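Shown next, in structure tokens, is the structure this report addresses.
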Amino acid sequence: MAPNVQPPRGMRDFLPDEKARREGVLAAIRDSFASYGYREIETPALEELGRLESGQAGDNEKLIFRVQRRGLDPDVAVLPGSSADLGLRFDLTVPLARFYATHRAELPEVFRAVQVAPVWRAERPQRGRYRQFHQCDIDVIGEPGPVAEVELVVATLDALEALGVTGGRVRLNDRTLLAGLLEACGFAPGMHPGVLVTIDKLDKEGLEGVAKELAARELPAGPCGRLVGVLADLASAAGDFDATLGTLPGRAPERAERILEIRDGVLEAKPDAQVVADATMVRGQGYYTGPIFELYHPDFAGAVGGGGRYDGMIGRFLGSEVPACGFSIGFERVVELVDPSRFSARRRKVALVHTEQVPAGRLVAWQRRLIGVGAEVRLVPRRRNLSRQLEALAAEGFSEWAELDATARPPSTSGAAGLDLRHLH
RNA sequence: GUGGCCGUAGCUCAGUUGGUUAGAGCGCCAGGUUGUGGUCCUGGAAGUCGGGGGUUCGAGUCCCCUCGGCCACCCCA
């Protein structure tokens, strides 16, 4: 094994089978999104660091791969802070906002975008977590109302179904509801991020775990106690979120109106959708301003997708506010949920097993002849143990094969005549 | 970023308390047998034991560093 032939940490090579599967999944997702009127765009992998480091994307900004400036003199010291000017994007939302600001004049008033592209984060890799991974985003820009959210959620669930993945579930919440609850409990705004991170662990650590962690964070006891009470109320009313609303502090019922409207809208459009309102769901990105959603599947611990409304972001690039909302599918995680047999080859695949004695031109002539009648044809040098070789070809999806040796004649006048084509299996 | 486990031929793995030229099965190659496609026999190629350094008379086996994978945390898709 030669040293140093692995791809960089957390980044992967894809063998043909896996690549085919990924492309199959992508094609189905693209097709599904396109049917909802979304159009695919592309932006560069790199953005200016200043645009990526808005301070609104939470920890993701710490995970940016920075790209050094070109033309630096290796002999002249440069401050670390000024040695890089570009960075690899860590999500597709920030670049989209920049894209929209750049091209607004050329885009429809309400613009629906699809993006299927790699993003990079310098995280420690694990299963289902990579340093380069693909996201499939759909975004609605210029639509302030809940039609954006309802459509995004329904389209995302439909995309999963198009892949044969059932059991997808969406949780809804609203940033303003969350903030209102914390405020009503008595937390100062500066404490909110830490509290939110803790609340997010509710389903993993339970109420006691969260209470313990709140205490460990040295937060004031009064607000913590009130918050635990609120969480307990929400938990005890499991399933009946609407009934609990009235018991929540602050202006909760009013602030929950939007997610209830979205939830009911999704259910009207897609009655079998699994969608619930959940005041304890939190999302990492700080740029969300209203409704947020997260996609789950029973076969994966953690989220397989997420999104929300980020009305403030485009304004930062454009100067004037434009409402926007998006949903992102975690492609790497969804791929694992798709049944591999879904993408087995349907074309007629023929293997031409040949010995060294066959002239190259004659081989390729036969290959072209079969391609001409609609087959996918691969030239395969004959191995010593032919039966094992044929098994391997069958496993690769080949349905027919023929052997060509020194006695092989050139293709005759019509089709595969003169070739001893046999079925595999 | 923090902590833990792991890394031996193409693949799956053995390698005793550190000791001679690092092994097996499968696969691959060659020759023979066989109904010159499936069996069987014989032989062969192929490992800088992830990489580097150290301890030692001697290290795949011990120590340090490093790279990579996995797991937990952090956080997330």
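Per chain, numbering begins at 1; letters A, B, ... match sequence-line order. Source: prediction; values computed, not measured.
The distance from atom CG of Asp91(A) to atom P of rA77(B) is 8 Å, rounded to the nearest whole Å. Remark: P of rA77(B) and CD of Gln115(A) are 15 Å apart, rounded to the nearest angstrom. Gln6(A) places its CD atom 12 Å from the P atom of rC67(B), with the value rounded to the nearest Å. Rounding to whole angstrom units, NZ of residue Lys201(A) and P of rC76(B) are separated by 10 Å. Atom pair Arg333(A):CZ and rC76(B):C1' shows a separation of 6 Å (rounding to whole Å applied). Look at CD1 on Ile29(A): it is 16 Å from P on rA77(B), rounded to the nearest Å. Here rG1(B) presents its C1' atom at 13 Å from CZ of Phe65(A), a figure rounded to the nearest Å. For the pair Arg388(A) CZ and rG38(B) P, the interatomic distance rounds to 11 Å; values are reported in whole Å.
For residues 288-307 of chain A, every residue pair satisfying the salt bridge (charged side-chain N to carboxylate O under 4.0 Å, His left out) rule, not counting sequence neighbours, is listed here: Arg283(A)-Glu294(A). The salt bridge (charged side-chain N to carboxylate O under 4.0 Å, His left out) contacts involving residues 322-341 of chain A comprise Arg12(A)-Glu332(A), Arg22(A)-Glu332(A), Arg127(A)-Glu336(A), where partners must be two or more places apart or lie in separate chains. Pairs passing the salt bridge (charged side-chain N to carboxylate O under 4.0 Å, His left out) check and including a residue from residues 60-70 of chain A, sequence neighbours excluded, read Glu53(A)-Arg66(A), Asp59(A)-Lys62(A), Arg70(A)-Asp85(A).
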Table of protein N/O atoms under 3.5 Å from nucleotides 69-71 of chain B N/O atoms:
residue : atom : partner   : partner atom : Å
rG69(B) : OP1  : Gly10(A)  : N            : 2.8
rG69(B) : OP2  : Arg9(A)   : NE           : 3.1
rC71(B) : OP2  : Arg127(A) : N            : 2.5

Identify each atom pair where a protein N or O and an N or O of nucleotides 30-37 of chain B are less than 3.5 Å apart, giving names and distance.
residue : atom : partner   : partner atom : Å
rG31(B) : N7   : Arg384(A) : NH1          : 3.4
rG31(B) : N7   : Arg384(A) : NH2          : 3.4
rG31(B) : O6   : Arg384(A) : NH2          : 2.6
rG37(B) : O6   : Arg422(A) : NH1          : 2.8

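Rounded to whole Å, the separation between the C1' atoms of rG15(B) and rG23(B) comes to 7 Å. For the C1' atoms, the distance from rA9(B) to rU48(B) is 13 Å, rounded to whole Å. Taking the P atom of each, rG60(B) and rU55(B) are spaced 16 Å apart, rounded to whole Å. Between rU56(B) and rC40(B), the two C1' atoms lie 49 Å apart (nearest whole Å). Here, rG7(B) and rC49(B) have their C1' atoms 10 Å apart, quoted to the whole Å. Here, rC57(B) and rG1(B) have their C1' atoms 44 Å apart, quoted to the whole Å. Comparing the P positions of rG50(B) and rG10(B) gives an interatomic distance of 13 Å, to the nearest angstrom. Using atom C1' as the reference point in both rG54(B) and rU61(B), the two lie 15 Å apart (nearest Å).
Under the stacking criterion of a centre-to-centre distance below 5.5 angstrom and an interplanar angle below 30°, Phe331(A) is not stacked against the six-membered ring of rA77(B).
Residues satisfying the side-chain hydrogen bond (donor to acceptor under 3.5 Å, both in side chains) test with Arg378(A), not counting sequence neighbours, are Glu396(A). Residues meeting the ring-ring contact (aromatic ring centres under 6.0 Å, His included) test with Tyr288(A), sequence neighbours left out: none. Ser83(A) meets the side chain to side chain contact (heavy atoms under 4.5 Å, CB included) test with Gln68(A), Leu72(A), Val78(A); sequence neighbours excluded. Partners of Phe33(A) according to the ring-ring contact (aromatic ring centres under 6.0 Å, His included) rule, which considers only residues two or more places apart in sequence or in another chain, do not exist here. Take His192(A) and apply the ring-ring contact (aromatic ring centres under 6.0 Å, His included) test, not counting sequence neighbours, and it matches no residue. Under the side-chain hydrogen bond (donor to acceptor under 3.5 Å, both in side chains) criterion, Arg258(A) pairs with Asp174(A), not counting sequence neighbours.
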Parsed dot-bracket for RNA chain B after applying the Watson-Crick and G-U rules with both distances under 3.5 Å and | for other-strand partners is (((((((..((((.....[...)))).(((((.......))))).....(((((..]....))))))))))))....

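Looking at heavy-atom distances under 4.0 Å, Gln389(A) makes no contact with the nucleic acid at all. If you check every strand for non-hydrogen atoms under 4.0 Å, Val197(A) touches sugar and phosphate atoms only.
One finds the NZ atom of Lys349(A) at 12.5 Å from the CD atom of Glu400(A) (value rounded to the nearest 0.5 Å).
Note: Phe327(A) and Phe293(A) have tilted aromatic rings, judged against thresholds of 30 and 60 degrees for the angle between ring planes.
OP1 and OP2 of rC74(B) both lie 4.0 Å or more from every side-chain N or O belonging to Lys62(A). Listed pair Arg121(A) / rC76(B) fails the phosphate criterion, with no side-chain N or O lying under 4.0 Å from OP1 or OP2.
Ranked by how close their nearest RNA chain B nucleotide is to the 5' end, Arg283(A) and Arg383(A) are led by Arg383(A).
Listed nucleotides rG68(B), rU39(B), rC76(B) differ in distance to Asn60(A); the shortest reach to its side chain belongs to rC76(B).
Using a 4.0 Å cut-off between a side-chain N of Lys or Arg and a carboxylate O of Asp or Glu, Lys270(A) and Asp272(A) qualify as a salt bridge.
Judged by the 6.0 Å distance and 45° axis criteria, Arg169(A) is positioned over the aromatic ring of Tyr296(A).
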